[in-house]
Amino acid sequence: MTDVVSPAPVHPAAPRFRHGTIEAALGAALLLAWLIAAFGAGVFAPYDPNALDLVAMLTPPDAAHWFGTDHLGRDVLSRVIYGARIDIWMGFAGVIAPLAVGVTVGLIAGYFGGLTDTILMRIVDITVAFPFFILVIAIVGVLGPGLVNYIIALALVAWVAYARLVRAEVLVVKRLEYVQAARALGFSDPVIILRHVLPNVLGSITIYAWTDAVMVILAGASLGFLGLGAQPPTAEWGVMIADGQPYVLQAWWICLFPGIAMVTLSLGFILVSDGLSRRLRVSA
């Protein structure tokens, strides 16, 4: 007698947004911890971040100074906590500015096409032809050192990635039936772009923006290290690492703790991006 194999039980489809929850939650927790530290710096920091104590110069970590002191006797823990304000601000402001420019250009180029698309994409190609970081340094060098000028440089350079991404998405979305139906019903182009096209490209833009924040923070810290970003005595992690470089062999803590802070903050952005990518099933 032939054995009858019963069919495998049919399970309901897995929820679309199940994957990536752990990554997103862990990343959000890291970011939340740094946001609390940044906004509560006046409460959590044990000392004034710019207070000099020439008697306690280059003190290693101890009960009085958990992260030690730098070459001017400033408490490293306090400077790391206050530095979170600057680096978090760079992460968000440095993404919002180029995102606004890039999304606008990408929407216009992808939706209208033709000569408009050609001209805008040639501008993108010219911008991409120059190394990103070298171009940012050149612009900041012309405008002058400082965080505001760094954000302006990003708005002038980093928008191209968003423009390319949005344009590619729009080229697909504008051919879908609901967009064609909106045109047939007589909706104006701005209404179609804002109500029907833009919402359907926000997923990939959001994921890329979270990842881009890491690049913005690292580039801003690099400029601070080179003396073109935040200016001393501002407590910024890149500036702190630059201050500790001459003493790295005898006072390793000056560079170590700002570096760890930068890694954990960047990891938070990366985990959120990865979690959103898995949850939304959109390629970052």
Side-chain angles (χ1 to χ4, degrees), residues 15 17-47 49 61 65-68 75-99 147 150-151 154 158 161-162 202-225 229-230 234-244 252-284:
F17 301 116
R18 185 181 65 181
H19 301 290
T21 303
I22 296 177
E23 292 94 333
L26 181 57
L30 285 173
L31 293 179
L32 180 61
W34 276 117
L35 284 171
I36 293 174
F39 283 104
V43 176
F44 298 113
Y47 300 94
H65 301 279
W66 289 5
F67 287 4
D75 183 66
V76 174
L77 173 59
S78 300
R79 290 180 63 78
V80 167
I81 294 175
Y82 273 91
R85 291 181 173 181
I86 304 297
D87 286 76
I88 290 174
W89 178 83
M90 281 196 304
F92 285 102
V95 165
I96 292 174
L99 182 147
L147 292 176
Y150 170 57
I151 301 302
L154 286 177
Y162 293 97
L202 285 178
S204 56
I205 299 171
T206 302
I207 292 171
Y208 181 80
W210 282 99
T211 305
D212 191 40
V214 178
M215 183 279 298
V216 170
I217 292 171
L218 295 179
S222 299
L223 286 182
F225 183 85
T234 302
E236 192 275 322
W237 296 336
V239 173
M240 293 177 65
I241 294 174
D243 289 342
W252 47 267
W253 54 87
I254 303 177
C255 295
L256 176 65
F257 292 113
I260 292 175
M262 196 180 306
V263 169
T264 54
L265 179 62
S266 300
L267 182 61
F269 281 104
I270 292 172
L271 288 175
V272 170
S273 174
D274 184 64
L276 289 175
S277 178
R278 290 175 180 271
R279 285 172 63 88
L280 301 175
R281 297 189 178 182
V282 176
S283 177

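What you see below is based on every heavy atom in this structure, not just the backbone, and it leaves out hydrogens, waters and symmetry mates. If you're wondering where the values come from, they're calculated on a predicted model, not measured in any experiment.
- Nearest heavy-atom pair across Leu218 and Ser266 is CD2-OG, 4.1 Å.
- Residues Ile86 and Ala235 share a closest heavy-atom pair of CG1-O, 3.8 Å.
- The closest donor-acceptor contact from the side chain of Tyr150 to the backbone of Gly229 lies at 3.5 Å or more, if one exists at all.
- For Tyr82 and Tyr47, the gap between ring centers reaches or exceeds 6.0 Å.
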Report the C-alpha distance between Ile88 and Leu35 in whole Å, list the side-chain angles of each, state the deciding distance to 0.1 Å, and finish with yes or no for side chain to side chain contact (heavy atoms under 4.5 Å, CB included). CA-CA 8 Å; Ile88 290 174; Leu35 284 171; 3.8 Å; yes
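- Using the six-membered ring where Trp is involved, Phe257 and Trp252 have ring planes that are tilted, between 30° and 60° apart.
- Between Trp66 and Asp75, every side-chain heavy-atom pair lies at or beyond the 4.5 Å cut-off.
- Ile254 and Gly244 get closest at one heavy-atom pair: CG2-CA, 3.4 Å.
- Taken from CZ in Phe67 to CG in Leu256, the straight-line distance is 9.0 Å, to the nearest 0.5 Å.
- Atom CG of residue Leu31 and atom CG of residue Leu26 lie 9.5 Å apart, to the nearest 0.5 angstrom.
- Rounded to the nearest 0.5 Å, atoms CG (Asp212) and CD1 (Ile217) are 10.0 Å apart.
- Taking the side chain to side chain contact (heavy atoms under 4.5 Å, CB included) definition, one finds that Leu267 meets it with Leu30, Leu271, sequence neighbours left out.
- Partners of Asp87 under the side-chain hydrogen bond (donor to acceptor under 3.5 Å, both in side chains) rule, at least two apart in sequence or in another chain, do not exist in this structure.
- Heavy-atom minimum distance, Ser78 versus Pro46: OG-CD, 3.3 Å.
- Atoms NE2 and CH2, from His65 and Trp253 in turn, are 11.5 Å apart once rounded to the nearest 0.5 Å.
- Shortest non-hydrogen contact noted between Trp89 and Ile151 is CH2-CG1, 3.7 Å.
- The side-chain hydrogen bond (donor to acceptor under 3.5 Å, both in side chains) search around Trp34 returns Thr264, not counting sequence neighbours.
- Residues Val239 and Thr234 form no side-chain contact, since every pair of their non-hydrogen atoms from C-beta on lies 4.5 Å or further apart.
- For the pair Val80/Trp237, a side-chain contact is recorded, criterion being any heavy-atom separation below 4.5 Å from C-beta on.
- In this structure, Glu236 CD and Leu147 CG are separated by 7.0 Å, a value rounded to the nearest 0.5 Å.
- How far CG of Leu276 is from CZ of Arg278: 12.0 Å, rounded to the nearest 0.5 Å.
- Nearest heavy atom pair, residue Met90 against residue Ala221, reads CE-N, 4.1 Å.
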